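Structure record follows, encoded as structure tokens.
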Amino acid sequence: MDLSKISRYRGELMGFAIIIVMLFHVYTPRSDAFYGLRRMGNLGVDIFFFLSGVGLWFSWVRQQNWKRFYLNRLLRIYPAWLIVAGYYYLSRFNPAKPSYSLPFGGTGSAEVDSYIDLFGDVLFNWDFWLHDELTFWYVPATMMLYLFAPFYMELVRRHSVFRWLVVLPLMWCIIVQYVTPIHQAVGHIEIFWSRIPVFLLGINIADMVRRKVVIDKQAWWMVAVFFAVSLTSCVWLEQMRHGRFPLYTERMLYIVLAVTTILIMSEAFDRLNAVTFRRFSLNGLFAWVGGISLEMYLFHVEYVLKPLERQHLGYWPTFFLTLACTLPVAWLISKVCSYIINKVKP
């Protein structure tokens, strides 16, 4: 088990992750036998957070420069965010009515409140943090993790024992769920708290990936068992008991499922690497999709999927049409953002 394959096929893994995220977003009725498995598209988010942790560690150990680190993260996210999310919020802006009530009672003026709300949403989707408004939620959550990641990475770089801090967010998920004052204050963003552990695990394992550590092949048996148990458990929970348990409990299973899926898919992409069809490479396709995964995530739900679902075409036609419409637009947005970044980057 060569851990360096996680880095070697990071683009392909990101392409795989955004595909299953899109599969998750397409509506399926609860009565459908595919419902539980479709709900497992949540897994793609955990894969993204894990791979983000790995990528950040590579970037940080190469050059511990705080200013450059934050600048690179902003340039990677903000151009696409401002184009797609900025247009989304501006097109729905109503000066006479804020989308949500503001904290501390607002200013007392609906018009002023609306502009404050618009500014907060365009800047970092503050309604996610205040009201659990889930439109584009992955991006503000990622930006928050990026903000604190250098402190954690520098800590574990100097003192490896602090990798055990990953236990703290696991404890925090339980505290947020069951300690009533804390739950009332921050329980609405459970979707963020429960993704911190897998992000930190990505950072923790990244140095082994960078050093190309090879684990005894017998470990594949353990990976297979963990993968099978976590997958079947999650599918059963979603199919049979969805909505009847705190979400964080299944998210803990997602951590195991995400890591084992990454290991299995890394090996699968390694096997597929030599397979080409008239110069067409499946790995190359997944890597290309992974390269525009941020733009695909931002664009596909609000601009493509929701209008298509109103046509009631069925699950698979809706998915494939969404994918076909999203890919060229996401690629174009990516090209525009690359042009902007090349102009402004020092």
Side-chain angles (χ1 to χ4, degrees), residues 18 21-22 24-27 39 41-42 44-46 48-49 52 73-74 77-148 169 172-173 176-177 182-196 199 242-243 246-248 250-251 254 293-310 322 326 333:
I18 191 61
V21 166
M22 292 178 68
F24 165 73
H25 283 151
V26 182
Y27 171 76
R39 286 280 308 173
N42 263 312
V45 175
D46 294 73
F48 273 122
F49 279 126
S52 293
R73 303 289 80 75
L74 286 174
I77 291 178
Y78 255 95
W81 168 262
L82 292 176
I83 291 171
V84 182
Y87 176 78
Y88 172 84
Y89 291 118
L90 286 168
S91 66
R92 288 157 178 76
F93 176 61
N94 181 357
K97 184 180 179 182
S99 59
Y100 286 94
S101 59
L102 300 187
F104 315 115
T107 64
S109 167
E111 187 169 334
V112 173
D113 286 356
S114 292
Y115 281 103
I116 295 173
D117 190 54
L118 175 67
F119 178 78
D121 282 336
V122 171
L123 192 62
F124 52 86
N125 188 9
W126 78 338
D127 280 326
F128 167 67
W129 302 108
L130 297 175
H131 310 289
D132 193 30
E133 199 275 308
L134 295 179
T135 307
F136 313 122
W137 75 270
Y138 170 81
V139 175
T142 301
M143 289 191 288
M144 182 63 73
L145 292 174
Y146 284 175
L147 183 63
F148 293 101
W172 178 247
C173 288
V176 167
Q177 181 63 39
I182 295 177
H183 180 78
Q184 291 174 343
V186 296
H188 61 287
I189 52 172
E190 176 277 334
I191 198 171
F192 169 71
W193 300 126
S194 57
R195 264 44 186 260
I196 296 176
F199 174 76
H242 177 70
L247 286 174
Y248 89 92
E250 189 183 18
R251 307 248 200 256
Y254 281 174
S293 56
L294 172 64
E295 292 78 7
M296 291 176 66
Y297 167 79
L298 287 169
F299 185 76
H300 80 276
V301 173
E302 300 297 335
Y303 296 97
V304 183
L305 179 58
K306 287 186 176 181
L308 277 176
E309 285 191 323
R310 290 194 286 267
T322 300
T326 299
I333 295 170

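What you are looking at is a predicted structure, and each value in this text was computed from that prediction instead of being measured.
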Looking at every heavy atom in both [X] and [Y], which two are closest together, and how far apart are they?
X: Ser194; Y: Cys173; value: CA-SG, 3.6 Å
X: Pro95; Y: Ser114; value: O-OG, 3.1 Å
X: Trp81; Y: Leu123; value: NE1-O, 3.7 Å
X: Thr135; Y: Glu302; value: CG2-OE2, 3.8 Å
X: Arg39; Y: Phe24; value: O-CD1, 3.4 Å
X: Gln177; Y: Tyr248; value: CG-CE2, 3.6 Å

Item to check | Whether Phe124 and Trp126 hold their rings parallel, tilted or perpendicular, with breakpoints at 30° and 60° | outcome: perpendicular

Checklist entry - Do Thr142 and Phe49 come close enough that some side-chain heavy atom pair is under 4.5 Å? => result yes

Checklist entry - Would you say Asp46 and Arg251 make side-chain contact, with heavy atoms under 4.5 Å? => result no

Next on the checklist: For Phe192 together with Trp129, are the ring centres under 6.0 Å from each other?
Outcome noted: yes

Checklist entry - Does Trp172 reach the main-chain N or O of Ile196 with its side chain, forming a donor-acceptor pair under 3.5 Å? => result no

Next on the checklist: Tell me if a side-chain donor or acceptor on His131 pairs with a main-chain N or O of Asp127 at a distance below 3.5 Å.
Outcome noted: no

Next on the checklist: Using side-chain contact (heavy atoms from CB on, under 4.5 Å), reason through Ser52 and Leu145 one step at a time and then give a plain yes or no.
Outcome noted: CA-CA 10 Å; Ser52 293; Leu145 292 174; over 6 Å; no

Item to check | From CA spacing to verdict: side-chain contact (heavy atoms from CB on, under 4.5 Å), Val122, Phe93 | outcome: CA-CA 11 Å; Val122 171; Phe93 176 61; over 6 Å; no

Any chance you could measure [X], atom [atom1], to [Y], atom [atom2], to the nearest 0.5 Å?
X: Leu130; Y: His188; atom1: CG; atom2: NE2; answer: 6.5 Å
X: Asn42; Y: Ile191; atom1: CG; atom2: CD1; answer: 7.0 Å
X: Leu305; Y: His25; atom1: CG; atom2: NE2; answer: 8.0 Å
X: Tyr78; Y: Ile83; atom1: OH; atom2: CD1; answer: 14.0 Å
X: Tyr303; Y: Thr322; atom1: OH; atom2: OG1; answer: 15.0 Å
X: Tyr138; Y: Tyr297; atom1: OH; atom2: OH; answer: 8.5 Å

Next on the checklist: Applying side-chain contact (heavy atoms from CB on, under 4.5 Å) to Val139 and Leu294, what does each step give before you reach the verdict?
Outcome noted: CA-CA 9 Å; Val139 175; Leu294 172 64; 4.0 Å; yes

Next on the checklist: Applying side-chain contact (heavy atoms from CB on, under 4.5 Å) to Phe48 and Ser293, what does each step give before you reach the verdict?
Outcome noted: CA-CA 10 Å; Phe48 273 122; Ser293 56; 3.7 Å; yes

Checklist outcome for this item: Residue pairs passing the side-chain hydrogen bond (donor to acceptor under 3.5 Å, both in side chains) test with at least one member in residues 82-96, sequence neighbours excluded, are Tyr89-Asn125

Checklist entry - In chain order, what residues pass the side chain to side chain contact (heavy atoms under 4.5 Å, CB included) check against Phe148, with sequence neighbours excluded? => result Met144

